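Report on one structure; see the data block that follows.
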Amino acid sequence: MTTSIAPAEDLSAVTGRTEITRFAGVGTAVSDTSYSQTELLEILGIEDTRIRSVFLNSAIDRRFLTLPPESPGGGREPEPQGDLLDKHKKLAVDMGCRALEACLKSAGATLSDLRHLCCVTSTGFLTPGLSALIIRELGIDPHCGRSDIVGMGCNAGLNALNVVAGWSAAHPGELGVVLCSEACSAAYALDGTMRTAVVNSLFGDGSAALAVVSGDGRVPGPRVLKFASYLITDALEAMRYDWDRVQDRFSFFLDPQIPYVVGAHAEIVVDRLLSGTGLRRGDIGHWLVHSGGKKVIDAVVVNLGLSRHDVRHTTGVLRDYGNLSSGSFLFSYERLAEEGVARPGDYGVLMTMGPGSTIETALIQW
């Protein structure tokens with residue numbers, strides 16, 4: 001394949017950076033207990049045929065969740081907001097620590113090598129941030145730089161990668177990590193409505209970490225070439241996490257039109273990502289798309305002209321874990337890395353979607 005993109009030794013025309021950030025390692029973790037969709041329907045006592053259909057037609061086999069304790073009369077009772085915040089803190093720290101340690105092992109590094117930790121979460125609010133809690137929990141050098149990206153939702157993993165790639169370019173040879181830790185069990189409502197049923201049928205607990213470093217050509221992972229974003233301002237309210245006055249707690253909302261909104265705008269942001277590189281969509285060998293849900297994936301496939309093979313890891317992660325929010329695309333990247341099919345020179349596109357409504361993309365090359 002011949003393209004007009006700048007050669008490997010001179011990528012400044014594409015990236016605008018004098019140092020090129022590379023992926024050095026990846027690691028993931030989930031919570032302790034998994035359930036099939038059928039098991040969840042029985043545990044939650046859902047009998048409404050419409051809601052059961054949402055669960056059973058989700059293209060999800062199992063998800064990892066931390067459900068409320070069983071009540072004395074059986075069934076599960078909604079948890080107050082304070083208990084959900086406690087759950088978020090416990091799960092996000094536990095999963096985050098395990099994902100970070102797995103990531104560093106993958107990179108051939110140790111906790112003492114870490115120089116910057118950027119944590120992403122949207123399933124609870126913590127001050128000080130998740131980064132501070134994990135640094136304390138693992139005994140990481142307190143001089144380690146840190147940043148926290150909160151409330152940006154499922155797209156936020158690529159927002160964090162953009163931040164850490166910039167930090168990495170300014171600190172060549174030093175190790176930075178993006179850590180997405182989403183305790184989706186802490187953002188659930190149990191009220192029997194279709195609004196919450198859509199959310200409850202989809203999300204699962206999970207954390208994923210990605211180590212990056214620049215200025216070291218020995219690192220075998222792909223290089224980060226470019227980012228592109230698109231905020232769909234006409235659909236700002238279509239995905240949101242806000243206060244539900246009736247339930248007296250936070251609640252997530254997904255507009256039924258979201259798959260079509262995302263699909264209709266996917267071409268715009270991908271074309272912008274590839275603009276000036278000499279690449280066309282057909283030149284992209286690897287697509288790592290957020291596992292946002294069956295309809296969302298279908299809409300992206302149709303509008304970008306992708307094959308089912310192109311999104312095999314996206315659909316596989318959805319099947320095995322559900323929607324893991326900000327870390328979903330890193331679960332897919334881990335599977336691609338383990339598959340070992342990417343070859344030097346191959347290009348890949350990372351794509352995440354979330355509240356805003358927002359589409360984030362990144363172009364990488366092995």
Side-chain angles (χ1 to χ4, degrees), residues 1-26 155 157-162 164-166 168-169 178 210-230 265-291 297 300-317 328-353 359-366:
M1 177 184 69
T2 301
T3 68
S4 60
I5 195 166
E9 64 272 15
D10 181 17
L11 290 164
S12 58
V14 175
T15 66
R17 295 177 171 129
T18 56
E19 295 288 347
I20 303 302
T21 299
R22 291 179 179 270
F23 292 3
V26 64
N155 54 271
L158 279 182
N159 297 102
L161 179 58
N162 200 340
V164 178
S168 178
V178 173
L210 179 72
V212 301
V213 66
S214 69
D216 188 346
R218 297 169 298 173
V219 176
R223 299 168 296 152
V224 182
L225 303 183
K226 189 180 180 184
F227 293 91
S229 306
Y230 191 71
H265 294 84
E267 288 182 276
I268 296 172
V269 66
V270 170
D271 287 350
R272 184 177 183 87
L273 179 71
L274 300 183
S275 176
T277 67
L279 294 173
R280 296 166 295 185
R281 285 182 228 158
D283 297 321
I284 305 302
H286 309 285
W287 294 84
L288 297 172
V289 180
H290 168 54
S291 300
I297 298 168
V300 171
V301 165
V302 169
N303 283 273
L304 292 181
L306 305 183
S307 70
R308 285 293 157 187
H309 181 75
D310 289 330
V311 294
R312 64 194 181 282
H313 297 307
T314 296
T315 55
V317 168
S328 292
F329 79 106
L330 292 178
F331 275 74
S332 292
Y333 171 68
E334 182 179 54
R335 291 187 172 198
L336 178 63
E338 290 173 349
E339 196 177 33
V341 297
R343 296 290 178 260
D346 283 1
Y347 293 97
V349 166
L350 314 178
M351 175 183 287
T352 60
M353 302 83 78
I359 304 175
E360 301 289 342
T361 59
L363 177 65
I364 60 176
Q365 185 186 26
W366 278 261

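In this text, all values refer to a predicted model and were calculated from it rather than measured experimentally. Below, all heavy atoms of this structure are taken into account, side chains as well, without hydrogens, waters or symmetry copies.
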List the atom of [X], the atom of [Y], and the distance in Å for their closest heavy-atom pair.
{"X": "H290", "Y": "M353", "answer": "CD2-O, 3.6 Å"}
{"X": "V317", "Y": "S332", "answer": "CG2-OG, 3.6 Å"}
{"X": "Y333", "Y": "P222", "answer": "OH-CD, 3.4 Å"}
{"X": "V224", "Y": "F23", "answer": "CG2-CE1, 3.5 Å"}
{"X": "V26", "Y": "L330", "answer": "CG2-O, 4.0 Å"}
{"X": "A24", "Y": "V213", "answer": "CB-CG1, 4.2 Å"}

*For W287 and V270, run side chain to side chain contact (heavy atoms under 4.5 Å, CB included): C-alpha distance rounded to whole Å, both residues' side-chain angles, the deciding distance at 0.1 Å, then the answer.*
CA-CA 11 Å; W287 294 84; V270 170; 4.1 Å; yes
How many angstroms lie between atom [atom1] of [X] and atom [atom2] of [Y], to the nearest 0.5 angstrom?
{"X": "T314", "Y": "L336", "atom1": "OG1", "atom2": "CG", "result": "10.0 Å"}
{"X": "E267", "Y": "L304", "atom1": "CD", "atom2": "CG", "result": "6.0 Å"}
{"X": "T277", "Y": "L225", "atom1": "OG1", "atom2": "CG", "result": "8.5 Å"}
{"X": "S229", "Y": "N159", "atom1": "OG", "atom2": "CG", "result": "6.5 Å"}
{"X": "D310", "Y": "R281", "atom1": "CG", "atom2": "CZ", "result": "12.0 Å"}
{"X": "N162", "Y": "E360", "atom1": "CG", "atom2": "CD", "result": "8.0 Å"}

*Can you sort out the partners of T315 under side chain to side chain contact (heavy atoms under 4.5 Å, CB included), two or more places apart, ordered by chain and number?*
I297, R308, V311
*Kindly indicate, with the supporting measurements, whether the criterion side chain to side chain contact (heavy atoms under 4.5 Å, CB included) is fulfilled by I284 and L363.*
CA-CA 9 Å; I284 305 302; L363 177 65; 4.0 Å; yes
_Using a 3.5 Å distance criterion without hydrogens, assess whether the side chain of S291 forms a donor-acceptor pair with backbone atoms of S328._
no
*Kindly say whether T21 contributes a backbone atom to a donor-acceptor pair with the side chain of S214 at under 3.5 angstrom?*
no
*asked:* Can you confirm whether more than 12 heavy atoms, excluding those of R335, are under 6.0 Å from its CZ atom?
replied: yes
*Does the pair I364 and H286 meet the rule for a side chain to side chain contact (heavy atoms under 4.5 Å, CB included), with working shown?*
CA-CA 9 Å; I364 60 176; H286 309 285; over 6 Å; no
*asked:* Pair K226, L273 - check side chain to side chain contact (heavy atoms under 4.5 Å, CB included), show working.
replied: CA-CA 7 Å; K226 189 180 180 184; L273 179 71; 4.3 Å; yes
_Under the rule for salt bridge (Lys or Arg N to Asp or Glu O under 4.0 Å), what residues qualify as partners of R312, not counting sequence neighbours?_
E339
